[in-house]
Colleague: 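Handing you this structure, nothing more for now.
Only this structure's heavy atoms are used, side chains among them; waters, hydrogens and symmetry mates stay out.
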Amino acid sequence: MGKESQSTSHDQPLHHVGSMTALKMLGKKILSSKNHDSAHHGNNLEAGHPVQGMRKIRGHGTHHNSTSRPKSTSPNNRKRSSSLFQKNMSSANVPALTSARSSASIHNMVAHNNNPFAPQQGMDMISSGKGVAAARKNGSGPTNHSISKKPSGNFANNHHFLNNENIIYNPYGINGNVVPSRSGSAYAGNNANANGDISFYMHDGNSKIRLLPLPIADPNDYLPDDIKQASIHMTDNFVFDSDNLTLGTGGSSEVRKIRSAYRQKDVYALKKLNMIYDENAEKFYKRCSKEFIIAKRLSHHINVCNTYYLVKVPTTTYTTRGWGFVMEICVKDLFQLMERSGWKSVPLDEKFCIFKQIAEAIKFCHEEGVAHRDLKPENVLISKDGICKLTDFGISDWYHIEPQNFNSPVKRCEGMIGSPPYTPPEVMLFDAKKNYPESIQKPYNPLKMDSYALGLILIALVNNILPFFESCNTDPRYRDFEISYENFINHQCPHFRDKNYHKGGPGSEYSLARNFKSTEASRVAWRLSDPNPDTRYSIEELYNDPWFQSIEVCVNNDDDHAIKAPEIRKSSSDIAMNSNVNSNSNSNSDFFHSDQDSGSRERLESPQHTSNPFLTAKIKPKPKPRSMVDIAQSPINKSEVASKVPSKVVEDEEDEGAGVEGTEDKEETKEEDAKREGATDEEQKESVRAEEAKESAVAPDKKAPDTKEPQETDNRNVLAAFPGINKTESGHESKFEAKGTSESAGLSTPTRKMSELSLVSPTPLQLQNVKGRTSAGSMKSLNGISSARKKKKHPIHSHLDIPGSVTSSSGTATYRDRTK
Ligand SMILES: Nc1ncnc2c1ncn2[C@@H]1O[C@H](COP(=O)(O)OP(=O)(O)OP(=O)(O)O)[C@@H](O)[C@H]1O
């Protein structure tokens with residue numbers, strides 16, 4: 001193995017990439033897009049040209065029973081990467097923490113990737129062997145905001161250097177030749193406009209970006225019955241955050257902050273999904289619905305990021321029309337923690353806790369019949385409580401030959417997928433760029449992909465570096481690792497690979513074992529990252545390992561942790577009915593509602609005649625919207641006011657026990673009511689115009705609508721007709737969010753750290769942090785903590801409490817909590 005490199009400081013000035021300007025004229029759009037990293041990363045990163053040659057491979061592997069055997073990497077392959085390298089690594093001969101780009105052939109992404117849980121019509125593409133892959137692109141993506149560009153060239157010259165860190169950040173391993181564009185958007189193929197789809201001309205400031213053709217499909221058409229949704233429009237119940245905050249970007253998505261339309265404090269993430277490459281609309285819908293189905297079904301574990309809804313997203317100044325996932329919002333991803341300068345000082349037991357939480361998530365996925373297949377730090381989110389949450393099931397798949405029969409064997413895969421170096425060597429053999437002979441490309445076990453990635457993550461967590469760039473013999477450092485591995489077994493521990501062997505692993509004479517400071521821990525890391533998949537630890541073996549069992553974690557799945565599920569009051573039926581009434585005023589709109597989204601809308605408009613079994617609810621017809629003249633003559637709708645009374649009573653009852661927050665929400669609502677009732681005629685007219693305009697676009701700083709609409713009761717009926725809806729959410733309703741306690745806790749200090757920056761109540765994690773720094777009296781002063789909170793297990797580690805390179809007040813701004 002190579003030697004560890006010396007840390008050298010190469011501070012670089014912080015470059016902020018400017019936001020794109022929004023402009024929409026004559027069917028052309030340039031959407032504004034703020035970069036989030038400049039706001040959220042505490043490190044000083046200088047942008048540079050992405051590393052050429054670094055890659056993250058991501059896509060859908062093909063299954064063994066595929067008729068065609070696709071080659072892996074193609075020019076169209078999806079690329080995404082994050083890279084942390086030690087500075088001077090070339091001279092030191094050892095790479096620092098890296099994650100490399102991912103790419104996968106469009107043609108192999110979904111081969112064998114069937115979706116047994118989707119409606120039949122949705123299965124064609126998924127089992128056809130044709131898939132999609134997306135590239136994370138260079139340019140203005142949020143994560144790239146804090147990195148500047150250097151001329152692209154050889155590998156060593158294209159690192160992103162962290163301030164005071166000898167690691168380099170290259171989140172997407174993007175080729176510098178790529179024309180910068182908004183991250184997460186798709187490039188059109190040459191024939192993108194061949195069908196005359198006018199949507200081609202609607203773009204985000206880059207002519208290569210495509211939009212879905214109109215009408216946007218109804219998500220319910222692609223979902224199995226049990227997770228069909230009452231509300232299919234994001235704007236039914238959510239609004240974009242007016243800060244226009246981008247939380248992250250991926251190869252096929254942009255993640256933005258949204259808020260409940262009813263409780264402004266309730267924030268969620270919207271993963272807006274983009275078409276990729278030459279993907280057509282149908283492939284897009286099937287790909288995205290599959291990801292959603294997997295994510296939704298896994299949304300009942302504390303270490304899995306909750307995915308709530310698959311919704312239609314309108315064209316707004318924030319985003320282009322399409323589909324998106326409404327998700328639990330997190331603070332950052334693990335990669336962003338690991339790149340912080342303070343990461344090196346994080347105690348090992350905290351790192352092991354993170355590792356075990358990720359393992360918990362993977363174990364859960366496997367128990368649910370899903371292989372993640374793209375496990376890496378970027379796909380582990382950290383909640384505001386410091387809890388690890390697995391996300392991004394874009395290339396996950398059901399791994400049983402018969403997906404619904406968990407007794408059926410594991411389905412083997414073929415093809416290049418995943419993210420080097422987390423992609424194991426047996427998968428790298430399918431990388432077309434490596435030109436390995438087909439004879440050595442063997443179908444692989446997708447579960448062992450997850451084991452290997454876990455091992456690499458553990459090594460990266462502990463060493464603050466990644467041991468190599470790619471897990472294949474074209475990487476000299478990987479060859480070193482293989483040789484070390486064989487040496488250890490041949491010369492020191494011949495039984496190391498034996499089942500139930502739980503004696504010591506490699507010691508400090510091995511560079512990739514040294515920092516574990518325990519041969520028990522190094523045993524687990526090495527067993528998981530065994531180059532040989534046949535002897536590599538399975539998740540079951542990992543859980544049998546005594547050292548792994550001894551790791552103390554902050555949270556368990558049965559802990560009473562609060563995940564505040566989105567409140568759904570309006571169903572799409574309400575919108576549909578409104579759309580119908582207002583359709584004349586929206587004829588020129590590019591909002592999907594205004595177009596002939598007739599399939600779903602017609603059903604929703606007349607539920608009593610619907611053929612959709614999910615819409616047989618006794619939907620009380622919504623009162624016809626009042627005309628502007630009517631409103632001008634009589635600003636207050638008496639019938640509406642009357643109908644509010646019982647509705648309010650119900651809410652009051654519900655709010656009992658909801659604590660301070662419920663009270664505040666009522667205050668907010670009262671304010672709004674007062675405002676509305678005091679509005680002038682002109683304001684009322686404006687209000688109506690705004691309501692009508694909702695069909696064409698969502699205003700950037702849209703206020704939460706009236707929360708006391710009489711249809712609330714009706715919507716309960718609607719929701720009652722959807723057995724799957726809110727199933728996950730109801731069990732996780734937040735039991736605590738005291739108001740204003742962070743202020744009393746004195747957490748707003750100039751040198752405060754990230755976990756202290758909560759603008760509302762401190763999390764248990766924060767309480768733990770505060771406990772370490774304040775007296776018991778101070779703890780008691782953190783009042784407003786409900787008994788429910790006290791029941792909650794206190795995390796024992798401060799996973800978010802990792803200082804970055806920037807300690808000045810300007811740096812403090814970068815710690816802004818995105819979940820507020
Ligand atoms: N729920 C969330 N809360 C906060 N940030 C998020 C959330 N989901 C995703 N992100 C951020 O956005 C980034 C991209 O998300 P994700 O990996 O799901 O996108 P993707 O398009 O599937 O990526 P790719 O396809 O390139 O692997 C994440 O790495 C993370 O930083």
Colleague: Is the closest side-chain heavy-atom distance between Ile401 and Pro409 below 4.5 Å?
Modeller: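 Yes. Closest side-chain heavy atoms under 4.5 Å.
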
Colleague: Tell me, with the steps shown, if Ile387 and Lys389 meet side chain to side chain contact (heavy atoms under 4.5 Å, CB included).
Modeller: CA-CA 6 Å; Ile387 300 169; Lys389 307 265 181 183; 4.1 Å; yes

Colleague: Phe516 and Trp547: aromatic ring centres closer than 6.0 Å?
Modeller: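 For Phe516 and Trp547, the ring centres are not under 6.0 Å apart.
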
Colleague: For the residue pair Pro421 and Phe469, establish whether any side-chain heavy-atom pair is separated by less than 4.5 Å.
Modeller: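 With C-beta onward as the side chain, the pair stays apart.
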
Colleague: Would Lys332 and Glu378 satisfy salt bridge (charged side-chain N to carboxylate O under 4.0 Å, His left out), going step by step from the backbone distance to the final call?
Modeller: CA-CA 9 Å; Lys332 23 181 81 210; Glu378 297 92 319; over 6 Å; no

Colleague: Grab the two heavy atoms, one from Cys554 and one from Gln357, that are nearest each other, plus how far apart they are.
Modeller: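 In terms of heavy atoms, the two residues are closest at CB-NE2, 4.3 Å.
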
Colleague: Between Arg412 and Tyr444, is NZ or CZ placed under 6.0 angstrom from the six-membered ring centre and within 45° of the ring axis?
Modeller: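 Ring-cation test returns no.
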
Colleague: List for me each residue that meets salt bridge (charged side-chain N to carboxylate O under 4.0 Å, His left out) alongside Glu368, sequence neighbours excluded, and say none if there are none.
Modeller: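 With sequence neighbours excluded, Glu368 shows a salt bridge (charged side-chain N to carboxylate O under 4.0 Å, His left out) to no residue whatsoever.
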
Colleague: Is there a donor-acceptor contact under 3.5 Å from the side chain of Ser451 to the main chain of Tyr537?
Modeller: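 At least one qualifying donor-acceptor pair exists.
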
Colleague: One pair to check against side chain to side chain contact (heavy atoms under 4.5 Å, CB included): Thr474 and Arg479. What are the steps and the verdict?
Modeller: CA-CA 8 Å; Thr474 55; Arg479 288 203 303 271; 5.6 Å; no

Colleague: If the condition is side chain to side chain donor-acceptor pair (under 3.5 Å), which residues does Tyr543 pass it with, not counting sequence neighbours?
Modeller: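 With neighbours one apart ignored, the set is Glu360.
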
Colleague: Any heavy-atom pair between the side chains of Leu461 and Ile354 that's under 4.5 Å?
Modeller: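 Sidechains of Leu461 and Ile354: in contact.
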
Colleague: Which heavy atom of Gly504 sits nearest a heavy atom of Thr519, and at what distance?
Modeller: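 That would be CA-OG1, 3.6 Å.
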
Colleague: If we only count heavy atoms from C-beta on, is the Leu542 to Leu528 side-chain gap below 4.5 Å?
Modeller: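 Leu542 vs Leu528: side chains touch.
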
Colleague: Do NZ/NE/NH1/NH2 and the carboxylate oxygens of Lys271 and Glu291 come within less than 4.0 Å?
Modeller: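 Result for this pair is yes, salt bridge flagged.
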
Colleague: Run the salt bridge (charged side-chain N to carboxylate O under 4.0 Å, His left out) test against Lys356 and tell me which residues pass, sequence neighbours left out.
Modeller: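 Checked Lys356 against salt bridge (charged side-chain N to carboxylate O under 4.0 Å, His left out); zero matches.
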
Colleague: What is the distance from atom CZ of Phe481 to atom CD of Glu486, rounded to the nearest 0.5 Å?
Modeller: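 Phe481 CZ to Glu486 CD: 10.0 Å, rounded to 0.5 Å.
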
Colleague: What distance do His301 atom NE2 and Ile362 atom CD1 have between them, rounded to the nearest 0.5 Å?
Modeller: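 Nearest 0.5 Å value for the NE2-CD1 distance: 10.5 Å.
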
Colleague: Going by side chain to side chain contact (heavy atoms under 4.5 Å, CB included), name the residues that satisfy it together with Thr535, two or more places apart in sequence or in a different chain.
Modeller: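 Only Arg497, Asp530, Asn532 meet the side chain to side chain contact (heavy atoms under 4.5 Å, CB included) criterion with Thr535.
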
Colleague: For a quick test of reading the model, state the closest non-hydrogen atom pair linking Cys413 to Arg373 and the distance between them.
Modeller: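 Heavy-atom minimum between the residues: SG-NH1, 3.3 Å.
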
Colleague: Is the shortest heavy-atom distance from the side chain of Ile382 to the side chain of Asp333 under 4.5 Å?
Modeller: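 No, their side chains stay 4.5 Å or more apart.
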
Colleague: Please determine whether side chain to side chain contact (heavy atoms under 4.5 Å, CB included) holds for the pair Met428 and Asn473, giving the CA-CA distance in whole Å, both sets of side-chain angles, and the decisive distance to 0.1 Å.
Modeller: CA-CA 10 Å; Met428 292 301 296; Asn473 62 12; over 6 Å; no

Colleague: Can a side-chain donor-acceptor contact be found between Asn379 and Thr391 if the only test is distance below 3.5 angstrom?
Modeller: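 No - no donor-acceptor pair under 3.5 Å links their side chains.
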
Colleague: Quick one: salt bridge (charged side-chain N to carboxylate O under 4.0 Å, His left out) partners of Arg523, sequence neighbours excluded?
Modeller: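 Listed in chain order: Glu520, Asp545.
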
Colleague: Check Glu279 with Arg287, please: is the shortest side-chain N to carboxylate O separation under 4.0 Å?
Modeller: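 A salt bridge is present here (some side-chain N lies under 4.0 Å from a carboxylate O).
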
Colleague: Checking His366 now: which residues fulfil side chain to side chain donor-acceptor pair (under 3.5 Å) with it, not counting sequence neighbours?
Modeller: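 Only Asp450 meet the side chain to side chain donor-acceptor pair (under 3.5 Å) criterion with His366.
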
Colleague: Answer with yes or no after comparing the ring centroid distance for Tyr510 and Trp526 against a 6.0 Å cut-off, counting only values under it.
Modeller: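 Yes, the ring of Tyr510 comes within the 6.0 Å limit of the ring of Trp526, centre to centre.
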
Colleague: Counting distance only, does the side-chain N/O of Glu470 pair as donor-acceptor with the main-chain N or O of Pro420 below 3.5 Å?
Modeller: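 No.
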
Colleague: Is there side-chain contact between Arg527 and Phe496, with at least one heavy-atom pair below 4.5 Å?
Modeller: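 Yes, their side chains come closer than 4.5 Å.
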
Colleague: For Phe355, which residues count as a ring-ring contact (aromatic ring centres under 6.0 Å, His included) partner, sequence neighbours excluded?
Modeller: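 ring-ring contact (aromatic ring centres under 6.0 Å, His included) list for Phe355, sorted by chain: Phe548.
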
Colleague: Any side-chain heavy-atom pair from Tyr485 and Asn490 closer than 4.5 angstrom?
Modeller: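 They are not in contact (no side-chain heavy atoms under 4.5 Å apart), so the answer is no.
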
Colleague: Who are the side chain to side chain contact (heavy atoms under 4.5 Å, CB included) partners of Ser538, not counting sequence neighbours?
Modeller: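 Once residues adjacent in sequence are excluded, the partners of Ser538 under the side chain to side chain contact (heavy atoms under 4.5 Å, CB included) criterion are Lys448, Glu540, Glu541.
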
Colleague: Please find the pair of heavy atoms, one from Ala521 and one from Phe352, that lie closest to each other, and give the distance.
Modeller: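 Closest approach of Ala521 to Phe352, heavy atoms only: CB-CZ, 3.9 Å.
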
Colleague: Would you mind reporting whether Trp398 and Ile294 have side-chain heavy atoms less than 4.5 Å apart?
Modeller: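 Yes, side chains in contact.
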
Colleague: Run the salt bridge (charged side-chain N to carboxylate O under 4.0 Å, His left out) test against Glu367 and tell me which residues pass, sequence neighbours left out.
Modeller: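 Salt bridge (charged side-chain N to carboxylate O under 4.0 Å, His left out) list for Glu367, sorted by chain: Lys363.
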
Colleague: Might you work through the side chain to side chain contact (heavy atoms under 4.5 Å, CB included) test for Cys493 and Lys503, ending with a clear yes or no?
Modeller: CA-CA 9 Å; Cys493 192; Lys503 292 186 181 161; 5.9 Å; no

Colleague: What distance separates Leu456 CG from Ser471 OG, expressed to the nearest 0.5 Å?
Modeller: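 Between atom CG of Leu456 and atom OG of Ser471 there are 5.0 Å.
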
Colleague: Tyr478: what forms a ring-ring contact (aromatic ring centres under 6.0 Å, His included) with it, not counting sequence neighbours?
Modeller: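 Expected list: Phe468.
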
Colleague: Looking only at heavy atoms, what is the nearest atom pair of Ala460 and Trp343, with distance?
Modeller: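 Looking at all heavy atoms of both residues, the shortest contact is O-NE1, 4.5 Å.
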
Colleague: In chain order, what residues pass the side chain to side chain contact (heavy atoms under 4.5 Å, CB included) check against Ala453, with sequence neighbours excluded?
Modeller: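 Per chain and number, Ala453 pairs via side chain to side chain contact (heavy atoms under 4.5 Å, CB included) with Leu375, Tyr422.
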
Colleague: Can you give me the closest heavy-atom contact between Tyr399 and Ala371, atom names plus distance?
Modeller: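 Here Tyr399 and Ala371 meet closest at CD2-N, 3.7 Å.
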
Colleague: Between Lys411 and Ser408 (side chain of the first, backbone of the second, donor and acceptor by atom type, cut-off under 3.5 Å), is there such a pair?
Modeller: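 No, Lys411 side chain to Ser408 backbone: no donor-acceptor pair under 3.5 Å.
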
Colleague: State which residues pass side chain to side chain contact (heavy atoms under 4.5 Å, CB included) with Ala361; sequence neighbours excluded, sorted by chain then number.
Modeller: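 Counting only residues at least two positions away or on another chain, Ala361 forms a side chain to side chain contact (heavy atoms under 4.5 Å, CB included) with Asn303, Val304, Leu390.
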
Colleague: With no hydrogens and no angle check, just 3.5 Å: does a side-chain donor-acceptor pair link Lys351 and Asn464?
Modeller: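 Side-chain D/A pair, Lys351 to Asn464: present.
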
